[in-house]
Amino acid sequence: MATASLSRLCIHTVTTKPLALPAAVSAYRHAGIAGITVWREALAALGVKESARILADSGLKVVSLCRGGFFPAPAKSDRQKALDDNRLAIDEARAIGAPLLVLVCGAVPGIPLPDARRHIADGIAAVLPHAAKLGVKLAVEPLHPMYADTRSAICTLAQANDIIEKLHSPLVGVTIDVYHLWWDDQLEAQIARAGRAKSIFSYHVCDWRSPTRDLLLDRALMGEGCIPLRQIRSWVENAGFDGMIEVEIFSTEFWRLNQLEFLERVKSAYLEHA
Ligand code: ZN
């Protein structure tokens with residue numbers, strides 16, 4: 001398998017969650033994968049400094065850090081804590097050489113979604129100066145509406161585009177994740193809109209298994225579900241995106257497998273279907 005054809009493939013550490021960061025880095029390198037997106041949990045075992053050294057020595061392109069966000073909270077003191085944590089995440093992104101922090105923006109049962117969206121916009125605005133100082137970009141990732149209770153009041157790309165339009169900063173853009181957005185009849189138009197704003201910062205792929213057995217931990221490999229991956233990729237690329245294609249799969253089924261063998265399946269699925 002030619003390495004060149006994998007030059008835009010990036011894997012999220014959570015995709016191979018059983019591998020600790022050094023093992024993941026080594027596995028991705030040996031598999032000829034070009035990029036890595038690091039989940040904050042993966043930094044915990046060795047700490048940020050040592051993790052940063054391993055990543056710097058790896059030759060892998062660090063694409064982003066996942067994830068900041070979770071801005072809404074009923075109490076102001078809790079919203080302040082969220083800001084502190086996001087500033088820390090920005091510090092971590094900078095430390096590991098990630099140019100981008102992805103935001104899962106948050107939601108809280110009982111907070112009306114429009115209010116939660118205001119908390120989110122205010123939260124991003126509050127941490128933006130710190131991101132600017134450190135040269136880290138921020139990407140709003142809309143999540144599927146089934147997560148609107150506790151994970152994200154931003155459920156569509158239109159809502160994400162609205163927020164970043166208001167924030168009006170070249171440092172704030174969107175992450176397009178096919179798992180969350182494939183069903184939306186406005187997707188093509190909203191991708192084009194984000195493209196015109198030069199705000200498509202990252203692109204996440206996997207597939208939607210049908211029937212889905214678990215609403216969080218049953219993402220499928222590309223080609224094993226019903227998402228029109230090539231069509232969405234063509235929209236994203238027509239909108240000007242030429243960055244890495246990031247495989248982000250949470251799956252209790254796949255986490256049970258030998259992760260090196262699973263990585264080969266990810267590569268094949270990426271080449272055939274993504
Ligand atoms: Zn994602």
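In each ligand, atom 1 is the first atom listed, and ligand 1 is the first ligand listed. Only a predicted model underlies this, so the values are computations on that prediction, with no experimental measurement involved.
Among the backbone and side-chain atoms of His204, an N/O/S atom is found under 2.8 Å from the Zn ion (ligand 1). The Zn ion (ligand 1) lies under 2.8 Å from an N, O or S atom belonging to Asp177.
For the salt bridge (charged side-chain N to carboxylate O under 4.0 Å, His left out) with Arg219, the qualifying choice from Asp207, Asp214, Asp177 is Asp177, the only one to do so.
For the pair Asp57 and Arg53, the salt-bridge criterion is met [side-chain N within less than 4.0 Å of a carboxylate O].
Using a 30° and 60° split on the angle between ring planes, His12 and His204 fall in the perpendicular class, above 60°.
For Glu248, the N, O or S atom with the smallest separation from the Zn ion (ligand 1) is OE1. Checked against the Zn ion (ligand 1), the N, O or S atom of Glu141 at the shortest distance is OE2.
Checked against the 6.0 Å centroid threshold, Trp235 and Phe241 do not count as a close aromatic pair.
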